[in-house]
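Each chain gets a letter, A, B and so on, in the order the sequences are listed, and its residues count up from 1.
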Protein chains: 2
Amino acid sequence: MSKATIYDVARVANVSIKTVSRVLNGEPKASAETRARVMEAARSLNYTPSLSARALSGSRSFLIALVSSGGVSDNAMLYVTELQMGAIQACRAGGYHLLTEYIDLGASDFTALTETLVSTLRVDGVILIPPLCDDPQLLSLLAQRGVTCVRISPTLDGSAEEKWGWGVDIDNYQAAFQMTRHLIDQGHRDIGFIQGHPKHAAAAQREAGYRDALFDGGPIPDRLIQPGLFTFDSGLSAARALLEQPRRPTAIFAANDSMAMAVLSVAYKMGIPVPSALSVAGIDDLPAASVVCPPLTTVRQPVMEMGAAAARFIIDRTAGQVGSYLKKVFDHSLVVRESTAPPT
Amino acid sequence: MSKATIYDVARVANVSIKTVSRVLNGEPKASAETRARVMEAARSLNYTPSLSARALSGSRSFLIALVSSGGVSDNAMLYVTELQMGAIQACRAGGYHLLTEYIDLGASDFTALTETLVSTLRVDGVILIPPLCDDPQLLSLLAQRGVTCVRISPTLDGSAEEKWGWGVDIDNYQAAFQMTRHLIDQGHRDIGFIQGHPKHAAAAQREAGYRDALFDGGPIPDRLIQPGLFTFDSGLSAARALLEQPRRPTAIFAANDSMAMAVLSVAYKMGIPVPSALSVAGIDDLPAASVVCPPLTTVRQPVMEMGAAAARFIIDRTAGQVGSYLKKVFDHSLVVRESTAPPT
DNA sequence: GGGCTGAATGACAGCGCTGTCCCTGGTGTC
DNA sequence: GACACCAGGGACAGCGCTGTCATTCAGCCC
C-alpha cells in the first residue's frame with residue numbers, strides 16, 4: 001500500500017531497474033515480452049515514479065510553470081483561469097504537472113524568479129502571460145538560462161520571437177477589424193473606440209484593426225478614441241468621456257470585455273438604452289460577458305486551447321522534438337449577442 | 001552563472017555541506033559566525049537549493065497541490081483564481097510552491113489522483129475545493145495515505161472533521177441570515193430564494209439562514225423556494241419560475257452570485273426594473289458582481305485570505321507545528337450595492 | 001568458423017540534498 | 001584531575017531514479 005519503488009517493480013518483473021526505467025519511459029530497447037511483463041508488474045503494484053528522483057537524476061523535471069502577474073481584482077486577467085485549465089489538461093496527458101507562480105510587478109525581482117524557476121524548480125518550461133511576456137528583462141534572463149518559454153499574446157517583434165521563445169495568440173488585428181466591420185455593417189458610422197493598455201502588444205493591434213476598418217487607415221477624429229488600460233475602472237472614465245460628448249457615438253467598441261462592461265454600466269447609469277440607442281462590443285468573451293445585461297457582443301478566443309498548446313509545446317520540445325519556434329495563431333470567432341444592433 | 005550547488009557554497013564558506021544545509025534550514029547547531037559566513041556565500045553565489053534533491057532526501061517536498069474539479073465555464077467556480085492567489089502568496093512566504101491539479105468529476109479516478117499526489121509528487125498537503133472537499137471516497141483515500149488536507153467550505157460534519165482534515169469557511173448560515181434580514185429591513189416580506197447545489201454543504205446552510213431569518217424556522221410557502229445548482233443556467237430557470245408567478249416576490253435572494261446574475265438577466269428580459277420593482281441579492285462577491293447592472297448586493301468572503309490560511313496551515317503542520325485540526329471560520333461582510341432597495 | 005553487427009539487458013555511478021551517527025574541544029562538577 | 005556534558009561541526013550513507021558504458025547472445029557475412 002505504501003509507496004512502491006522502481007526496485008519493487010524490477011523484482012516483480014524479474015528484470016533490472018534500468019529495464020523498468022526504459023519501459024516506463026518508452027525507450028526503444030526493450031522486447032515486447034519484457035515490456036508487457038514490466039507494465040503488468042507496475043500496474044499490479046500501483047507504481048508511479050517519483051518526480052523528484054526523476055528530476056534529480058535525469059534531464060527533465062516534468063514541471064511547467066505558469067507565471068502570472070497583476071491582481072485578481074483585475075477583471076482583464078480573468079482568462080488566466082481558463083488558460084491554466086488548458087495547460088493542466090495538456091500536462092496531465094503528457095505526465096507533466098503545472099506550477100503556478102506569481103510575481104508582483106511592483107517590487108519585481110526577476111533574478112530571484114529566474115533562479116527559483118531554474119535552480120530550485122528546474123522547470124522544463126515557462127508559460128508567460130501578458131504583460132510579463134513582453135518584458136525584455138525577464139525574457140533575456142530566462143533566455144540566458146536556457147529556459148523554454150511560451151508567450152501568450154506576445155508582441156509581434158519577429159526578431160525577438162526566435163530569441164525569446166514561442167508564442168500563441170489570435171490575430172488581434174483581424175479580430176478588431178471584423179468587429180468594427182460588424183458594426184459598420186449594421187449601419188454604424190460613429191463608432192467610438194477605447195484603447196487597451198499601452199504596454200500590451202494586443203492593444204495596438206486591436207486599435208489598428210479598428211482604424212483600418214473604419215477609415216481605411218485615414219485620420220480618425222480624436223473624439224472617437226479614448227485611452228484605456230484594459231481594466232473596468234479605466235473603461236468607466238473612457239465611456240464617460242465618449243458618452244458625455246454633445247454628439248455621442250452610436251456604437252462603442254472597447255479593446256476588451258472588461259472595458260466594454262464598463263461602457264454598459266455607464267450607459268445604464270446615464271439612461272441610455274443598449275442596444276437601441278448605443279451598441280457596445282468588446283473582445284475576449286470573458287465568462288461574465290454572457291451574463292451581463294444585455295449579453296455582450298464580443299470576440300471569442302480559444303483560450304483553453306491556447307493554454308493547452310503552450311504546455312504541449314514545452315512538453316514536446318523537452319522530449320526532443322524541436323518545435324518550429326514560431327508563433328501559433330489561433331482562430332477567433334465573432335460572438336454576436338444582444339449588445340449590438342443597427343442604430344435607430 | 002549556471003546552477004550553484006550546496007558544494008559550491010560549502011567550499012566558499014569553508015565548511016561542510018552539512019553545515020550549509022543546517023544554516024539554510026534554520027537548524028539550531030550553528031554559531032552565529034558560521035551562519036553569517038554561509039549566508040554570505042550563498043548570496044554571493046546566488047544559490048537556491050534544488051527542490052528535487054531536498055524532496056528526495058528529506059521528508060518535505062515543499063509542494064502543495066490545489067485540486068479543483070468542474071469546468072471553467074462554471075461561473076460559480078470563479079473564486080478558485082482568488083483562492084489560488086492567496087495560496088500562492090502564502091507558499092512564496094514559506095518557500096513552498098503551488099501545484100494545480102484538476103480532476104474530472106465525471107470519469108474520476110480518485111485512486112490515480114491520490115497515487116500521483118502521494119507517490120509521484122509527494123506533496124506536503126492538499127487543498128480541496130468543493131465539491132471535492134466533501135467526497136468521502138477521496139477524503140478517505142487521502143487520509144489513508146496520511147496526506148494533510150485542508151478543505152475549503154467543507155460540510156459541518158464534526159466527527160469527520162478530525163479524520164479528514166482542517167477546513168476553512170465563512171459562516172454561511174449567518175451570511176444568509178444577515179442578507180435576508182437586510183431585505184426584511186428594507187421592507188420586503190415576499191422574498192424568493194434560489195437554492196444552491198444539493199451536494200455543496202454551504203447550500204443547505206445558506207438556505208437555513210434564509211428560512212430562519214424570514215420565518216424563524218416556520219414553514220415557508222413552496223412557491224418562494226426554487227432549486228438551483230449554483231450555476232448561471234440553473235439560476236435562469238429558477239428566476240423564471242419565481243418571476244412568472246402571478247404574485248411574484250418583491251425580492252429574490254440567490255444562494256450565490258452566479259444565480260443572482262441570472263435573476264438580473266431574466267428581470268431585464270421581462271422588463272422588470274431592478275431594484276425599483278425587484279431587489280436581487282447573492283453571495284460570494286464574484287469579480288463580476290460589481291460590474292453587472294445594477295451592481296449586485298452580495299456577501300463578500302475573504303477568499304484570498306482563506307487560500308493563504310489553507311496553505312499556511314499545511315506549511316506549518318509539515319514544519320512540525322501541530323495544527324489544531326479544526327475549522328477556521330472567516331469573517332464575511334455584507335456588500336450593499338444597487339440591486340437592493342425598499343419595495344415601492 | 002571467426003569476426004562482426006546490433007538488439008536486449010544489466011552494472012554502476014552519480015544527481016544534490018538530508019538524516020544519522022560520530023568526533024572535537026571547551027565547561028562545569030565534585 | 002577525572003568525568004560527564006554539550007555546543008558546534010563533519011563523515012557518510014542513502015533517497016529513487018537516469019545516463020553511460022559494458023556485457024551477452026543471436027544472426028549474418030565471407
Side-chain angles (χ1 to χ4, degrees), chain A residues 2-38 41-42 45-63 95 115-116 118-122 124 318-320, chain B residues 2-38 41-42 45-63 95 115-116 118-122 124 318-320:
Chain A
S2 65
K3 48 183 178 180
T5 73
I6 196 170
Y7 297 106
D8 302 320
V9 179
R11 198 175 320 114
V12 171
N14 198 30
V15 291
S16 73
I17 57 164
K18 181 61 214 187
T19 299
V20 176
S21 168
R22 272 197 273 261
V23 171
L24 264 33
N25 287 293
E27 285 170 37
K29 313 275 197 82
S31 71
E33 191 218 346
T34 310
R35 194 174 298 275
R37 202 142 37 87
V38 171
L45 287 169
N46 227 325
Y47 168 75
T48 17
S50 150
L51 252 217
S52 311
R54 298 231 273 177
L56 188 56
S57 107
S59 53
R60 293 189 290 172
S61 67
F62 301 90
L63 250 30
E115 219 54 38
T116 302
V118 176
S119 301
T120 302
L121 264 15
R122 258 176 164 291
D124 287 343
T318 309
Chain B
S2 65
K3 49 187 176 180
T5 72
I6 196 172
Y7 297 106
D8 302 321
V9 179
R11 195 174 323 114
V12 171
N14 199 28
V15 292
S16 74
I17 57 164
K18 181 61 213 186
T19 299
V20 175
S21 169
R22 273 198 271 261
V23 172
L24 263 33
N25 287 295
E27 284 169 38
K29 313 273 197 86
S31 68
E33 190 217 347
T34 310
R35 195 173 296 275
R37 204 141 37 87
V38 170
L45 288 168
N46 229 325
Y47 168 76
T48 16
S50 150
L51 251 216
S52 312
R54 297 231 272 177
L56 188 56
S57 114
S59 53
R60 293 190 289 172
S61 68
F62 301 92
L63 249 30
E115 219 55 37
T116 301
V118 175
S119 301
T120 301
L121 264 15
R122 259 177 166 290
D124 287 344
T318 309

If you check the A/R54 side chain, which of D/dG16, C/dT18, D/dT18 turns out closest?
-> D/dT18

Report the distance from atom OG1 of A/T48 to atom CG of A/L24, rounding to the nearest 0.5 Å.
-> 10.0 Å

Within less than 4.0 Å of OP1 or OP2 of C/dC17, is there a side-chain N or O belonging to B/S21?
-> no

In whole angstrom, give the distance that lies between atom CG of B/L51 and atom P of C/dC17.
-> 10 Å

Report yes or no: does B/S50 contribute a side-chain atom to a donor-acceptor pair with the main-chain N or O of A/T120 at less than 3.5 Å?
-> no

Nearest-nucleotide comparison on DNA chain D, the residue closer to the 5′ end among A/V20 and B/A30 = B/A30

Picking from C/dC15, D/dA11, C/dC17, which would you name as closest to the side chain of A/S57?
-> C/dC15

Residue closer to the 5' end of DNA chain C, A/Y7 versus A/S31 (nearest nucleotide) | A/S31

For A/P28 and for A/R122, locate the closest nucleotide of DNA chain C by heavy-atom distance; then report the residue assigned to the nucleotide nearer the 5' terminus.
-> A/P28

Taking atom P of D/dG19 as reference, at what distance in whole Å does atom CD of A/E27 sit?
-> 7 Å

Round to the nearest Å and state the distance from B/K29 atom NZ to D/dG9 atom P.
-> 10 Å

Within the distance-only criterion (no hydrogens, no angle test), does the side chain of B/R22 pair as donor or acceptor with the backbone N or O of B/E27 below 3.5 angstrom?
-> no

Value in whole Å for how far the C1' atom of C/dA11 lies from CD1 of A/I6 | 14 Å

Phosphate contact (C/dT9 OP1 or OP2) by A/T34 side-chain N/O below 4.0 Å | yes

For A/A55, does its backbone N or O pair with a side-chain atom of B/S52 as donor and acceptor, under 3.5 Å?
-> no

How would you label the contact of B/S52 with the nucleic acid (heavy atoms, under 4.0 Å): base, sugar-phosphate, or nothing?
-> nothing

Nearest heavy atoms of A/S59 and A/D124, plus distance in Å | O-OD1, 4.2 Å

Among C/dC17, C/dT18, C/dA11, find the nucleotide with the atom closest to the side chain of A/S16.
-> C/dA11

Among C/dC17, C/dT18, C/dC15, the nucleotide that comes nearest once only the side chain of A/L56 is considered | C/dC15

In whole angstrom, what separates A/R22's CZ from C/dA11's P?
-> 11 Å

Describe the nucleic acid contact of A/S59 in one word from base, sugar-phosphate, nothing, applying a heavy-atom distance below 4.0 Å.
-> sugar-phosphate

Can you figure out which of D/dG10, D/dG16, C/dT18 approaches the side chain of B/N25 most closely?
-> C/dT18

Let me know the distance between CD of A/E33 and C1' of C/dA8, rounded to the nearest Å.
-> 12 Å

Between D/dG16 (P) and A/F62 (CZ): distance, integer Å | 17 Å

Out of C/dT9, D/dC17, C/dC17, whichever nucleotide has its closest atom nearest the side chain of A/T19 | C/dT9

